[in-house]
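Taking it in order: structure first as structure tokens, then the write-up.
Heavy-atom basis, side chains included; hydrogens, waters and symmetry copies ignored.
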Amino acid sequence: MILCYFILNTGEPRKFDPKFRGPIHNRHCTDVICCVIFIVVILGYIALGIVAWVHGDPRKVIYPTDSYGQFCGQKDTFNENKTILFYFNILKCASPVVLINLQCPTTQLCVSKCPDRFATYIDVQASYRYRPDQWNYFKQYCRPGFNNPRKSVAQVLRDEDCPSMIIPSRPFLKRCFPDFSTKNGVLTVANQTTFKDGRGKTRNVTDLREAANGINNVLDARSVGMKIFEDYAISWYWILIGLFIAMIVSLLFLVLLRFTAGVLFWIFIFGVIGIIGYGIWHCYWEYDHLKGIPGSDLTVYDIGFQTDFRVYLQLRQTWLAFMILLCVVEIIIILMLIFLRNRIRIAIALLKEGSRAIGYIMSTLFYPIVTFILIAICISYWAVTAVFLATSGEPVYKVMANQTLCKYANLTCDPETFNTTNVTKLCPGAQCTFAFYGGESLYHKYIFIFQLANAFVFLWLVNFAIALGQCTLAGAFASYYWASRKPADIPLWPLFSSFGRAIRYHTGSLAFGALILAIVQLIRVILEYLDHKLKGTQNSFTRFLLCCLKCCFWCLERFLKFINRNAYIMIAIYGKNFCTSAKEAFFLLMRNVVRVAVLDKVTDFLLFLGKILVAGGVGVLAFFFFTQRIPVFAQEAPALNYYWVPLLTVIIGSYLVAHGFFSVYAMCVDTLFLCF
């Protein structure tokens, strides 16, 4: 029926095989070599995960590590009750990022609580005899076992037995950070603007600013986060109800497209024409109204660049330019409608037929849930493997010296034999402290390569999951298209049959297409990494080259996604290998390039309109509900700290729900178009 409609309305002859009656069932396996490679890679990926899980230790991420390589807060250890990391001299740390991700060049100890007062070792030592309580408090921030307040200050600071000072702090990410606050716009610590550094100097708390950058905002965000969590806890079921409403509205929109696709499109088109026409009239009115007003006949060149853009609206030349531009746009739209009217009718007919096809195969609307689950599994496996790889290795210790000219600084060392070496003699005060986790074995040397492999296989698997979904949906809708009598000739379980065919015969072809896309995406990731690393460089040519490469590979990825999508449709219909299907799909589309462009834009517009309608409609309903403006449900609405938290969740979630349903619809339209 739809085929006859297209032929009659375009007036162009069509070449087709009269013996072809739909997706062929006498298929054979395609791209077998790629299928075998894909299976081997998956087995290797599983093996990589097992090896990473054996060598990795997530506790290295969960628990902070002191200078001796011991975890803070680990059960059945000396530090079981000491869950927080304390820095002897936080001034040596450049920023919180250094503190969290790297190693700050100062002694680090596990403590049970952060300091709550200002104190220096000099003052504590001087008052030890008549105020021992101060020493008892201060020594908990010294090295374990150190209890010699009579030791000279110079030796204590050289050997880093105790910190030179302690300042009021509070725990953040299980680390002690200065307890910053602002008082009348002035940065303070415990309401003080200065402190003694324990080395004979009085310093301003602004010296800690670099170490404190961003901490206050993050700490404030923590309280906001708790309130947001509370809002989710008491409104989650209302959010689910909102998403359910979005699902119902999306289904209704798809069903109604069968009857309203043409009306919606033409209303929008004539609406745009009317709005532009009004714009032309308004520009002419402003142009005529400014006639005779002093200064209105000046040109833009005469007044030059002005920061207040309202100045340009006082010029007749500005409104004349606007009027000419709108006239050009209006003429282009009208000419396109005149010359592309038949192709627009074809696109609208396809949209209507797509709605009818989904009406017969409703199960396809819920297939995106399968794709979502597969992608969620891939993301979870990748993330866990990446964490275990990052935490693989044994503790590596390095020499930390106070003297900048010490030749042994930053060299690896063994803490058990360090005191027997001559390093402490040549570099007084040098220590062998924990630096990071690593190793010298073959496995540890290639951890970076393993991380790249982890990322690459992750991209491959995600693209395969998407390809499997596209091929499955295409096979189901193709079986609908080629059914002579609908719904009698439609297979009993078209979606499951199509899924079985895709897995059984075309895993290799789907993996081949996903592999090509994954390679391009990995290159894009590497380019983004290089761009991030070279952001501070002054080499303009390098930045220009990177920008060009990023642009080219972005375009290449978009093109490959388009080709792959249509290749999977051809695979679902004819059962050929990936390269043959991609070639045939490409040339088929190129022979109908104008029709493809019109169909694509008309479909995109209507589906985008549907997404905005669903998200906006449900969002407005949620706004009135959560702000208690619906009298009937005023008592049911939860009391929230921030009503925008569930509101934004409902709006974004509704858009994603609509996108999931409409992506099936778009696949249906593309499949019917290629079948035609």
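Taking CG of N566 as the start and CG of L588 as the end, the distance is 8.5 Å to the nearest 0.5 Å. We find the SG-CG distance between C548 and L527 to be 11.5 Å, quoted to the nearest 0.5 Å. Taking NZ from K576 and OG1 from T30, the interatomic distance works out to 12.0 Å, rounded to the nearest 0.5 Å. Note that CG of L468 and OG1 of T472 are 4.0 Å apart. Values are rounded to the nearest 0.5 Å. Rounded to the nearest 0.5 angstrom, L452 CG and I447 CD1 are separated by 12.5 Å. Once rounded to the nearest 0.5 Å, the distance linking CG of L530 with CG of L546 reads 6.0 Å.
L510 is not listed as a side-chain neighbour of F38, based on a closest heavy-atom distance of 4.5 Å or more. Inter-residue side-chain proximity for R565 and D670 is flagged as met; some heavy-atom pair is nearer than 4.5 Å. Taking 4.5 Å as the limit, some side-chain heavy atom of F456 sits within range of a side-chain heavy atom of I519. With a 4.5 Å cut-off on side-chain heavy atoms, I652 and Y655 do not count as touching. Side-chain contact check for C579 versus F512: some heavy-atom pair is nearer than 4.5 Å. No side-chain heavy atom of Q470 sits less than 4.5 Å from a side-chain heavy atom of I569. Two residues are said to be in side-chain contact when any heavy atoms from C-beta on lie closer than 4.5 Å; V618 and I651 fail this criterion. No side-chain heavy atom of S581 sits under 4.5 Å from any side-chain heavy atom of Y574.
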**Asked** Passes side chain to side chain contact (heavy atoms under 4.5 Å, CB included), F177 versus R175? Steps please.
**Response** CA-CA 6 Å; F177 287 108; R175 291 158 173 83; 3.9 Å; yes
**Request:** Under the side chain to side chain contact (heavy atoms under 4.5 Å, CB included) rule, what do I573 and Y481 come out as? Steps first, then yes or no, please.
**Result:** CA-CA 11 Å; I573 299 173; Y481 180 89; over 6 Å; no
**Request:** Would you please test F578 and N564 for side chain to side chain contact (heavy atoms under 4.5 Å, CB included) and show each step?
**Result:** CA-CA 9 Å; F578 176 79; N564 283 11; 3.3 Å; yes
**Request:** Please report the C-alpha distance between N454 and Y45 in whole Å, then the side-chain angles of each, then the deciding distance to 0.1 Å, and finally whether the side chain to side chain contact (heavy atoms under 4.5 Å, CB included) criterion is met.
**Result:** CA-CA 7 Å; N454 182 34; Y45 195 36; 2.5 Å; yes
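Between S498 and C471, the shortest heavy-atom distance links the atoms OG-O, 3.6 Å. Taking each heavy atom of T671 and M667 in turn, the nearest pair found is OG1-O, 2.8 Å. Heavy-atom minimum distance, Y665 versus G354: CE1-C, 3.8 Å. The shortest heavy-atom contact between G619 and L647 is O-CD1, 3.4 Å. In terms of heavy atoms, L315 sits closest to W319 at O-CD1, 3.4 Å. The shortest heavy-atom contact between F366 and M247 is CE2-SD, 4.3 Å.
Legend: residues meeting ring-ring contact (aromatic ring centres under 6.0 Å, His included) with F661, ordered by chain and number and at least two apart, are absent. Partners of F586 under the side-chain contact (heavy atoms from CB on, under 4.5 Å) rule, at least two apart in sequence or in another chain, are F559, I563, M590. Shown here are the side-chain contact (heavy atoms from CB on, under 4.5 Å) partners of I377, two or more places apart in sequence or in another chain: I373.
By the 6.0 Å contact criterion, CD1 on I33 is open, its count of non-hydrogen atoms from other residues, nucleotides or ligands being 12 or less.
D31 contributes no side-chain N or O that, together with a main-chain N or O of H506, makes up a donor-acceptor pair within less than 3.5 Å. Side-chain N or O atoms of S654 include none that pairs as donor or acceptor with a backbone N or O of A615 at under 3.5 Å. Looking at W460, its side chain does come within 3.5 Å of a backbone N or O of A511 through a donor-acceptor pair. Not one N or O on the side chain of E557 forms a donor-acceptor pair closer than 3.5 Å with the backbone of L517. Between the side chain of H55 and the backbone N or O of V51, at least one donor-acceptor pair lies under 3.5 Å.
The cationic group of R524 does not satisfy the cation-pi geometry with F553, failing either the under 6.0 Å distance to the six-membered ring centre or the 45° limit from the ring axis.
One side chain, Q521 or N463, offers a donor N or O that lies under 3.5 Å from an acceptor on the other. Checking N577 against S509 by side-chain atom types alone, no donor-acceptor pair falls below 3.5 Å.
Checked against the 6.0 Å centroid threshold, F458 and Y381 do not count as a close aromatic pair.
Aromatic ring orientation, W53 versus F388: perpendicular (interplanar angle above 60°, classes split at 30° and 60°).
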